[in-house]
Structures are given as structure tokens and as C-alpha cells.
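The basis for the numbers below is simple: all heavy atoms, side chains too, and nothing from hydrogens, waters or symmetry mates. Proteins come first, then strands; the chains are lettered A, B, ... in the order of their sequence lines, and each starts at number 1.
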2 protein chains.
Amino acid sequence: MVSSKKELFTVEQQGAAELFKALAHPARIAILEYLATTRDCITGDISEILPLARTTVNQHLSALKSAGFIQGSISGAKTYYCIDPTKVEKLKSMTNNLLRELSDANPHCLCNDSSKPISHEDSDPLYGKQLP
Amino acid sequence: MVSSKKELFTVEQQGAAELFKALAHPARIAILEYLATTRDCITGDISEILPLARTTVNQHLSALKSAGFIQGSISGAKTYYCIDPTKVEKLKSMTNNLLRELSDANPHCLCNDSSKPISHEDSDPLYGKQLP
DNA sequence: AAAAAATAACGTATATTTACGTCAAAAATA
DNA sequence: TATTTTTGACGTAAATATACGTTATTTTTT
């Protein structure tokens, strides 16, 4: 790998990928779910819930914060974290856009075209065969 | 990192994370979008569209295939890839579940509770401050 | 039968993610 | 004031992802 190459795609594609990447670990899903169900959202609490060390949880929290999914507000020694509803809305609209794109155009694909019946595992004996 | 730890979360959380992970790179988003708009979905075509080498594109295709987002059917020397609409539906329902979870419960959080006004960047001068 | 076309497999190098321990600093408490 | 609590910063090691060139194999074309 010489460079990252991600910047060669559209900003929409990059944005979508970043959003999904933030959710691409079960710990971060769990953190968001926990934050959604409690008022007492401090780091210590979360690391007691999750099967991970506190520093690891903190790392996941940072990732979620960088992606904009959560906000943190310091109150004394404690830091309160909570979900940013704006970002959740953005995830919703962005996912809906992508899903619409993917499902609308799909019937055009050869594999799902009923006028070309010999193309899937049901009918094609070579489906899924590895080239040796 | 000793072990992966991902297996310590619920299967739902793992499944969601895997699905999102498959979409966590702009190239894979671009591939899905391209597959949605064309009938001629063979590897060579896609690598001419994307700013990546053919082998790299193939790698991303494998990732999407492993995740179940695309199917491939070999016809002669060419391999035709297409989106699996079932998986797209699964992404939709799973995302909707998560979004419902996250938006429903959010008002309970302290940070978004109007009865505790001093907690966000507008009112809290310490918001976002790094502990040095 | 030989050459060309197309693809997956393999190997490799670099970058990033994941997981955690240790440490220092700020605030609360004794 | 000293101790405890809480947190983020830093360093590190292993795992995984990304990007690509090379190679072998199959099919098509010549």
C-alpha cells in the first residue's frame, strides 16, 4: 500500500463509508445501545458493562466521537457521553439513500433477470465454483 | 491484542457490525452502486471504473461476497457479479432496528435533558476540553 | 495447437485497528 | 493536605485491512 486511495472516491461515498466504519465493531454498537438506554453515561460505567478494558472502551468512545455519533461533556472529574440525535438522523437518511439506490436498480442486473434463466445456483452448475 | 474479543458480544451486535464493516470502504460502496446500475457486472469492467488495481478490486469483491452482499456466477472465463437483494433487505431491516433503538431512547440521556441545562457546548465552557 | 483474454490465488509491503498496561493530571473525598 | 477516583494521553504488540504485482488456470480466439 503506497497511499490510502480513499480520497479518489466521491465525498458521498467517503462519507457513507466513514459512517459505516464507525459502526463496524460490536463494541461500538453495544456502546451506542447502552447510551440509548441510560442517563448515566460515563466511561467507567460503560467499561463495566462491556467485556473490554477501560482504555479499549475509551478508544472506541473516541472513534464514535470522531465520527460525530456521540458528544462528551466534562462535569468535574467525570465525562458524560451521549448520543448525538443529529448524527443518528444523518445515518438514517444516508442509509435510506443508499438502500434506495441499491434496491431500485437491482432488477436490471443479469443475475436477477428472469429473461436469462441460466445464471444462478439453481440452474447454473458452475455457480460458486472456485477457479483452481 | 491477545484475542479478537468480538465473540464476547451478542450475535445481533456481531451481525450488525459485520454488515456495516462490509460497507466501511468507499470502494465497496462504489462497487455496489455500479452493480446496481449495470447489467454487465464482471470484474474487469469494475476495475476500469474504479481508481484501483484489478487485484485490489477483486479483494473488495471478495469481501462483499463473504458478507453476502453480492453473488457471483461463472460463465466461461468471465465471472458475473450482482447484488443479492435479500441481503439489501436484511441491511434495511437491521439498520431500521438499530435506528429505532437509538432514537427512541435518546431523550432519556442527561446531555439531551432540558431539565439539566448546563451540559452542552452552548452552556458548558468545558465542553470538548482535553484533559492534559 | 498456440496465443490471447479473463480471473482467482498467492505473496508481500505498508497502514490501520484492536486491545491493553502504564502514567500523569484534575477533581472529589477523607 | 493526602488519598482516592476518574479520565485522557502515550506506548506497544498483535491482528487485520489495503493495495498491488506475479503466477497459474481456464476459456476463448486465432
Side-chain angles (χ1 to χ4, degrees), chain A residues 1-9 14 17-18 20-31 40-48 50-67 70 72-81 125-132, chain B residues 1-9 14 17-18 20-31 40-48 50-67 70 72-81 125-132:
Chain A
M1 201 213 294
V2 182
S3 61
S4 178
K5 299 270 178 158
K6 286 179 184 173
E7 63 277 359
L8 297 177
F9 296 88
Q14 292 180 55
E18 267 180 52
F20 288 132
K21 192 174 191 174
L23 304 173
H25 194 285
R28 293 195 287 273
I29 304 269
I31 288 174
D40 303 313
C41 40
I42 49 175
T43 306
D45 292 350
I46 301 175
S47 54
E48 279 170 23
L50 300 180
L52 296 172
R54 189 187 57 78
T55 47
T56 306
V57 171
N58 219 311
Q59 212 166 239
H60 286 299
L61 279 170
S62 295
L64 286 170
K65 198 173 179 181
S66 297
I70 59 175
S73 73
I74 297 173
S75 166
K78 298 179 179 178
T79 302
Y80 291 91
Y81 285 103
L126 289 177
Y127 177 82
K129 187 193 168 201
Q130 304 288 2
L131 299 180
Chain B
M1 202 213 294
V2 183
S3 61
S4 178
K5 300 271 180 156
K6 286 180 183 171
E7 62 278 358
L8 297 177
F9 295 87
Q14 292 180 55
E18 269 181 51
F20 289 131
K21 193 174 191 174
L23 304 173
H25 194 286
R28 293 194 287 273
I29 304 267
I31 288 173
D40 303 313
C41 40
I42 50 175
T43 304
D45 292 350
I46 302 176
S47 54
E48 282 167 22
L50 301 179
L52 296 173
R54 192 186 55 76
T55 48
T56 306
V57 171
N58 220 309
Q59 213 166 240
H60 285 300
L61 279 169
S62 295
L64 286 170
K65 198 173 181 182
S66 297
I70 60 176
S73 73
I74 296 172
S75 166
K78 298 178 180 179
T79 302
Y80 291 91
Y81 286 103
L126 289 176
Y127 177 84
K129 187 192 167 199
Q130 305 287 3
L131 298 179

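- Rounded to whole Å, the distance from CD1 on I70(A) to C1' on dT7(D) is 14 Å.
- dT18(D) atom C1' lies 13 Å from atom CD1 of I31(B), rounded to whole Å.
- Between F20(B) and I29(A), the closest side-chain pair of non-hydrogen atoms falls below 4.5 Å.
- Once rounded to the nearest 0.5 Å, the distance linking CG of N58(B) with OH of Y81(B) reads 5.5 Å.
- For R28(A) (side chain) and A22(A) (main-chain N/O), a donor-acceptor pair under 3.5 Å exists by modelled atom type.
- Among dT18(C), dT18(D), dG21(C), the nucleotide with an atom closest to any side-chain atom of A53(A) is dG21(C).
- Remark: P of dA17(D) and CZ of F20(B) are 17 Å apart, rounded to the nearest angstrom.
- Listed pair K21(B) / dA17(D) meets the phosphate criterion, a side-chain N or O lying under 4.0 Å from OP1 or OP2.
- Rounded to an integer number of Å, the gap from E18(B) CD to dA17(D) C1' is 15 Å.
- Taking 4.5 Å as the limit, every side-chain heavy atom of L50(A) sits out of range of all side-chain heavy atoms of H60(A).
- Evaluation of the side-chain hydrogen bond (donor to acceptor under 3.5 Å, both in side chains) rule for H25(A) yields no partner, not counting sequence neighbours.
- Only R54(B), T55(B), N58(B), listed by number, bring a heavy atom of residues 54-62 of chain B to less than 4.0 angstrom from any atom of DNA chain C.
- The side chain of K5(A) contributes no N or O atom lying less than 4.0 Å from OP1 or OP2 of dA15(C).
- Within the helix from dA1(C)-dT30(D) to dA30(C)-dT1(D), the inter-axis angle between the opening and closing five-pair segments is 10°, rounded to 10°.
- Rounded to an integer number of Å, the gap from CG of L64(B) to P of dT18(D) is 11 Å.
- Rounding to whole angstrom units, CD1 of residue I74(A) and P of dA26(C) are separated by 11 Å.
- Taking CD1 of I31(A) as the reference point, atom CG of L61(A) lies at 4.5 Å (rounded to 0.5 Å).
- The shortest distance between the side-chain N/O atoms of Y81(A) and the OP1/OP2 oxygens of dG8(D) is below 4.0 Å.
- Using a distance-only test at 3.5 Å, with no hydrogens or angles considered, a donor-acceptor pair links the side chain of Q14(B) to the main chain of F9(B).
- Distance, K78(B) NZ to dA5(C) P: 12 Å, rounded to whole Å.
- Taking atom OH on Y80(A) and atom C1' on dT6(D), their separation rounds to 11 Å, with Å as the unit.
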